[in-house]
Amino acid sequence: MLKRYWNRGAKQKFILIMIGLIVFCTLFILRDDYQPFLLFLRKYLFILILFGAILYLGLRSFRKAASAVKKILRGIVALASIALIYVLFFNVGMYDYIQTYNVFNDMNLQEIAKLPLSRNERIQPYNNIKTMAYESISETQEVSPPQLVRVDDRNQWTMAVQPSKEYSIQRINDNIEELFSVSSTSPSPRFANENRITATFSIGESLAFSRNTYNAVVQRFNPWQLFNYEPHEAYYMKNDEGNWVQVVSLIKWKGFFFPYPTFGGVMVLETGEHDFNDYLERLLIGKGTFIAAEDVQKYPYLTRQNTLSEKVSRLQATSMMFLGGFTDPLPWNKKTAVKIPDLIEDQNQQPFVTDFKFSDAVNNAYDGLYHWFGLEPIGNERTSLSISVFIPADGSKKVYYYNHASRKEGLAGVSAMPAKVMESKKSYDWNVNKPVEFRPFIRDIAGKRRLFMLSTIAAKRENSDQFDGGSTPDLALVDVSYKDVVWIDAKHPSQWNAQILEQLGETWQASEQLSDEDLYPDRLKIDAELEVVKDSSTVKKDSMTIVKDSMK
């Protein structure tokens, strides 16, 4: 048909050429819009080919059938085969099951015999940081999802102050002009002055059309990457020259049979104004500098950093259920199978980005940010801590895990933590206060490396889905071995060890037959810290008495 139209004359040839150019330009410019469809084909190509082969063989057999009865029977068999495969893979979950097994086989796992030490503990939980950020901006603004990253060798919550999605004009015209960068170790982070960074980005997560982070990054992909990569989370950090950049984590899909997501590197977006040249670049070739996963370690600012998509790390942690073999998670086994415990009340689920010191635990692991998971038995009624998983947050290949269950440590898991914290403070109104984000706190105390769960108490207003950010939140430490709770002072982290020893020291001594020297290897230092704690408590009581007397 097209050939006959082409041969009619020059006018028809010109029309076909123009239509072809328009179609090509449209497909080229709008590739960010149909890229999700290309990814869909990439993810389910094997299943689609299987369905196509069954349909082809079924129709072929249907046509060759001699009688109507045979035609009907063969048609039913073909349709039943497709329905069976669909139910088995998607309703029963075998597709996700095999995909997760592929993730497990792809991981470079290393079991460790000693837990790393945690350090630079973050005080405020994710949702409190987000709430406090929204308390510091105007009506037409919003903040990007806070991300915990390394900035100048300090752990900071960073986020962009960007045009709100409810205001379309600002999303089209405005740039991102400001970033928040607040300390994760501060009990009372300030969203003012030195923590408000002036930085102009023409690309942002809330911006519209080609200025949207997702669109700009996808436009930068080459044809092969359009089928295999997808942008996920955006992080704001400093590069090696000390300039602020937007780093977009990329997910790469690997494998033909049951493809699975892996860390695909990053796309780095630099600061810049929105102008005509910038518009043409975004429209035609996108924005950003692609750094492949294997090249990330060549850039110091991307090492020991947090750039790994949580979608990837959660699937890696989930795949630990195959530690006992391919069939272990099946209903009739489940001897060592584990799961990620997601707490209903906690709006920020695992992983928790935590700073660990591995230098005295594992020789080939770096000291820095990791995605931590505390895995529990796969059944709903079992709440013990089975495995601690440490996934390098910079996308490094090796994944470390510590098997608590095989060592018969009998530790309480994350699911058991909320009840223990609430039971320890019966005077609290737990309808409006919630213990959230139980993250690891690991210290060498009393001659032993001990694991606690650190939780922040967050307030939640009635009829609200968000936690309110407190200026100085209450903190609770749970000894996962003895199941005891220690309430610590958020403003004095240097006194936490002393507070722990004051409450739990005698219990450990009696249970573990420890000597005074084992319990207090540095007695003078501990006594000094305890005196500081007692003095601060006395001053607090005296000040309260003065206030009461003045009120009288």
Side-chain angles (χ1 to χ4, degrees), residues 107-110 112 114-123 126 145-159 179 181-186 197 232-251 262-269 289-314 316-317 350-373 388-402 439-443 493:
M107 285 196 303
N108 185 2
L109 277 175
Q110 178 178 338
I112 58 178
K114 189 177 183 181
L115 286 171
L117 294 171
S118 63
R119 60 182 190 176
N120 301 320
E121 271 72 23
R122 58 186 178 89
I123 306 299
Y126 172 89
Q147 300 288 359
L148 185 62
V149 300
R150 176 174 56 83
V151 179
D152 297 331
D153 290 325
R154 298 191 308 272
N155 295 335
Q156 302 277 113
W157 288 105
T158 63
M159 64 213 84
L179 305 176
S181 178
V182 298
S183 172
S184 65
T185 58
S186 172
I197 312 299
H232 202 237
E233 293 157 323
Y235 307 80
Y236 293 88
M237 61 187 69
K238 287 184 180 180
N239 62 15
D240 292 327
E241 288 73 43
N243 301 318
W244 283 92
V245 292
Q246 182 182 172
V247 178
V248 182
S249 179
L250 302 178
I251 295 174
T262 61
F263 178 63
V266 298
M267 193 74 79
V268 180
L269 302 170
T289 302
F290 173 69
I291 301 176
E294 57 270 18
D295 295 329
V296 164
Q297 300 302 315
K298 298 177 182 178
Y299 298 83
Y301 79 98
L302 294 176
T303 60
R304 302 181 295 113
Q305 186 59 272
N306 180 25
T307 55
L308 176 65
S309 167
E310 292 187 3
K311 179 179 179 179
V312 173
S313 64
R314 276 187 68 90
Q316 288 178 329
Q350 296 184 35
F352 298 132
V353 182
T354 308
D355 195 342
F356 289 104
K357 182 183 178 182
F358 267 88
S359 55
D360 64 341
V362 184
N363 292 330
N364 55 355
Y366 68 77
D367 296 340
L369 298 177
Y370 287 77
H371 289 191
W372 177 84
F373 293 87
S388 287
V389 182
F390 308 87
I391 300 177
D394 66 355
S396 302
K397 195 67 177 175
K398 188 158 285 187
V399 173
Y400 306 94
Y401 74 97
Y402 183 93
R439 48 211 184 269
F441 178 85
I442 307 171
R443 290 289 188 275

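Every residue meeting the side-chain contact (heavy atoms from CB on, under 4.5 Å) condition with E241, not counting sequence neighbours, appears here in chain and number order: N239, N243. Residues passing the side-chain contact (heavy atoms from CB on, under 4.5 Å) test with K114, sequence neighbours excluded: D360, A361, R449.
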Self-check item: Derivation and outcome, side-chain contact (heavy atoms from CB on, under 4.5 Å), residues V399 and Q110
Solution: CA-CA 6 Å; V399 173; Q110 178 178 338; over 6 Å; no

Quiz item: Is there a side-chain contact (heavy atoms from CB on, under 4.5 Å) between I251 and K311 once you walk through the steps?
Solution: CA-CA 9 Å; I251 295 174; K311 179 179 179 179; 3.7 Å; yes

Self-check item: Derivation and outcome, side-chain contact (heavy atoms from CB on, under 4.5 Å), residues T354 and L369
Solution: CA-CA 6 Å; T354 308; L369 298 177; over 6 Å; no

Quiz item: Could you go step by step and tell me if V362 and Y400 meet the side-chain contact (heavy atoms from CB on, under 4.5 Å) rule?
Solution: CA-CA 9 Å; V362 184; Y400 306 94; 3.8 Å; yes

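Proximity of a side-chain donor or acceptor of D394 to a complementary backbone N or O of N306 within less than 3.5 Å is not detected. With T158 contributing its side chain and M237 its backbone, the two residues share no donor-acceptor pair below 3.5 Å. Using a distance-only test at 3.5 Å, with no hydrogens or angles considered, no donor-acceptor pair links the side chain of Q316 to the main chain of I391. With hydrogens and angles disregarded, no donor-acceptor distance shorter than 3.5 Å links the side chain of R150 to the backbone of L302. At least one donor-acceptor pair closer than 3.5 Å links the side chain of S249 to the backbone N or O of T307. The backbone N or O of L308 lies less than 3.5 Å from a partner atom in the side chain of Y235, making a donor-acceptor pair.
Residues P146 and M159 form a side-chain contact, since some pair of their non-hydrogen atoms from C-beta on lies under 4.5 Å apart. With contacts defined as side-chain heavy-atom distances shorter than 4.5 Å, the pair F290/L250 qualifies. The shortest distance between side-chain heavy atoms of V149 and Y236 does not fall below 4.5 Å.
Taken from CH2 in W157 to OG in S186, the straight-line distance is 13.0 Å, to the nearest 0.5 Å. Remark: N120 CG to F356 CZ distance equals 11.5 Å, nearest 0.5 Å. Distance check, rounded to the nearest 0.5 Å: CD of E294 to CZ of F263 gives 10.0 Å. To the nearest 0.5 Å, atoms OG (S183) and CZ (R122) are separated by 12.5 Å. Atom CD in Q350 sits 5.0 Å away from atom CH2 in W372 (nearest 0.5 Å). From K398, atom NZ reaches atom CG of N108 across 5.0 Å, with rounding to the nearest 0.5 Å.
Tested against F358, the residues Y402, Y366, F390 include a single ring-ring contact (aromatic ring centres under 6.0 Å, His included) partner, F390.
Here the closest non-hydrogen pair linking A234 and Q147 is O-CG, 3.5 Å. Residues A365 and Y370 share a closest heavy-atom pair of CB-OH, 3.7 Å. In terms of heavy-atom proximity, V245 sits nearest to V268 at CB-CG1, 3.9 Å. Summarising the geometry of S309 relative to E233, their closest heavy-atom pair is CA-OE1, 3.2 Å, with the distance given to 0.1 Å. H371 approaches A393 most closely through the heavy-atom pair CD2-CB, 3.7 Å. Here the closest heavy-atom approach between residue T303 and residue P300 is recorded as OG1-O, 2.8 Å.
Under 4.0 Å is where a charged nitrogen must lie from a carboxylate oxygen, and between R304 and D153 at least one such pair does. Ion pairing of D152 with K238 is present here, as a side-chain N (NZ or NE/NH1/NH2) and a carboxylate O approach within less than 4.0 Å. Classification of D355 and R119 as a salt-bridged pair holds, one side-chain N sitting under 4.0 Å from a carboxylate O.
Other residues, nucleotides and ligands contribute over 12 non-hydrogen atoms within 6.0 Å of the CG atom of N364.
Between the side chains of Q156 and S181, at least one donor-acceptor pair of N or O atoms lies under 3.5 Å. Residues R443 and S118 have side chains that bring a donor and an acceptor to within less than 3.5 angstrom of each other.
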